[in-house]
Amino acid sequence: MTRYGYACISQLTQLTTNHSCQLKSVTPDKLRSLIEQNINDLESILKHNLEHGWLLFRIGSSFIPFGSHPVNTLNWQEEYAESLMAIGTFVRTHDMRLMMHPGQYTVLNSPDLLTVQRAIAELQYSANVLDSMNLDQQHKIVIHVGGVYGDKASAATRFIEQVLLLPIAIRRRLTIEHEEHAYNLKDVVAISCQTGLPVVYDNLHFDANPTVEPLEELLPEVFAGWKAEDGVSEVHFSSQAVGERRGTHAEFADPYEFYKVIEQCSRIGDFDLMLEAKGKDEALERVLTDSE
DNA sequence: CCGCGTCAAGTTCAT
DNA sequence: ATGAACTTGACGCGG
């Protein structure tokens with residue numbers, strides 16, 4: 001049974017796990033109040049999602065604002081241990097799944113060592129969030145491979161080397177997603193073979209940056225990369241915004257494409273589907289209702 | 001109180 | 001060479 005979800009913000013309830021502030025206005029108490037807001041809103045979102053039967057959710061990267069930045073000196077894992085643990089219990093009770101997706105600044109394969117260190121810190125923070133909820137390794141962190149720097153092969157090798165050096169607490173949660181510019185699905189599957197990291201398939205990225213091989217050939221390999229302890233394969237779906245830049249997410253999901261992707265994936269195995277639409281849960285509600 | 005300029009970070013691409 | 005765009009708003013200052 002495929003589970004569905006969306007990222008970071010609930011349009012229907014106007015709740016978000018993204019409350020943050022600007023660096024210069026950070027104080028410990030400001031951070032505490034934002035964290036409390038994010039925790040409260042996450043609880044409310046998960047309840048709202050459960051009522052609709054949506055069991056997947058992506059937590060925003062600023063759930064703990066500046067979570068990987070030295071300016072955040074809080075021991076938030078201890079301070080909020082109880083409520084974070086309660087969220088984890090709720091998630092497990094209802095067979096939900098949480099993910100995180102660090103932004104474009106998280107570049108593991110950068111030639112700049114400081115950038116790599118910051119990326120590792122961001123991944124460590126993301127893993128800490130999921131750990132603090134006592135969630136197992138099916139609750140994933142999704143990243144892209146990173147930059148090319150004029151030499152894709154050595155940039156990919158650098159990525160692989162960095163992944164193999166990561167602490168297991170991070171690596172066990174890590175998954176890699178292909179994207180619309182550089183690393184296509186084939187590239188990422190090859191990197192998956194070298195690292196053991198499962199691959200997230202994304203229909204819009206595939207359309208924008210296709211492989212020589214047909215999708216039907218690669219998808220079984222993608223699904224096979226998800227081991228029992230990783231949970232079922234995670235798939236991202238979005239529709240192209242008409243008239244916008246290639247790769248821009250549409251407000252809503254095109255039902256025809258949506259059910260085509262579901263049908264394609266269903267033939268291979270079990271999977272979970274994240275809808276990446278500007279309309280968030282409203283888009284999910286709409287496209288799932290359309291089918292009935 | 002409202003509106004608009006600005007926001008940690010890296011990389012790529014368009015101008 | 002410069003700056004916008006990206007996962008995408010949300011904050012916060014000035015009026």
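No experiment lies behind these values; they were computed from the predicted model shown. Below, read A as the first sequence line, B as the second, and so on, with proteins coming before strands; counting in each chain starts at 1. Just so it is clear, the values below take in all heavy atoms, side chains as well, and ignore hydrogens, waters and symmetry mates.
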TODO: Find the runs of at least 3 consecutive base pairs, i with j, i+1 with j-1 and so on, that include DNA chain B, using Watson-Crick or G-U wobble geometry with both distances under 3.5 Å.
DONE: B:1-7 with C:9-15, B:10-15 with C:1-6
Pairs under 3.5 angstrom only: tabulate donor-acceptor contacts from the side chains of residues 113-122 of chain A to other protein residues two or more places apart or in another chain.
from: A:T115; atom 1: OG1; to: A:D112; atom 2: OD2; distance (Å): 2.8
from: A:E122; atom 1: OE1; to: A:S68; atom 2: OG; distance (Å): 2.6

Task: Distance, rounded to the nearest Å, where A:I120 contributes CD1 and B:dG10 contributes C1' - done: 15 Å
Task: Residue among A:R97, A:K140, A:R58 satisfying salt bridge (charged side-chain N to carboxylate O under 4.0 Å, His left out) with A:D272 - done: A:R97
- [ ] Write down the distance between CD (A:E179) and P (B:dT12), rounded to a whole number of angstrom.
- [x] 10 Å
Task: Test salt bridge (charged side-chain N to carboxylate O under 4.0 Å, His left out) applied to A:R172 and A:D230, A:D131, A:D136, the passing residue - done: A:D131
Open item on the list: Enumerate the ring pair (Phe, Tyr, Trp, His ring centres under 6.0 Å) contacts for residues 18-50 of chain A, please, sequence neighbours excluded, ordered by first and then second residue.
Closed with: A:H48-A:H52, A:H48-A:W54
Open item on the list: Mind checking if A:H69 touches a base, just sugar-phosphate, or nothing, with heavy atoms under 4.0 Å?
Closed with: base
Task: All ring-ring contact (aromatic ring centres under 6.0 Å, His included) counterparts of A:H94, not counting sequence neighbours - done: A:F90
TODO: Would you classify A:G103 as touching base, sugar-phosphate or nothing, given that sugar-phosphate means primed atoms plus P, OP1 and OP2, and contacts are heavy atoms under 4.0 Å?
DONE: nothing
Open item on the list: If I take atom CD in residue A:Q117 and atom C1' in nucleotide B:dA9, what distance separates them, rounded to the nearest angstrom?
Closed with: 14 Å
Please table the atom pairs, donor to acceptor, closer than 3.5 Å between any side-chain atom in residues 194-201 of chain A and protein atoms at least two apart or in another chain.
from: A:T195; atom 1: OG1; to: A:I191; atom 2: O; distance (Å): 2.7
from: A:T195; atom 1: OG1; to: A:L197; atom 2: N; distance (Å): 3.2

TODO: Indicate for each nucleotide in nucleotides 8-15 of chain C, in 5' to 3' sequence, whether protein heavy atoms under 4.0 Å reach the base (B), only the sugar-phosphate (S), or nothing (-).
DONE: SSSBS---
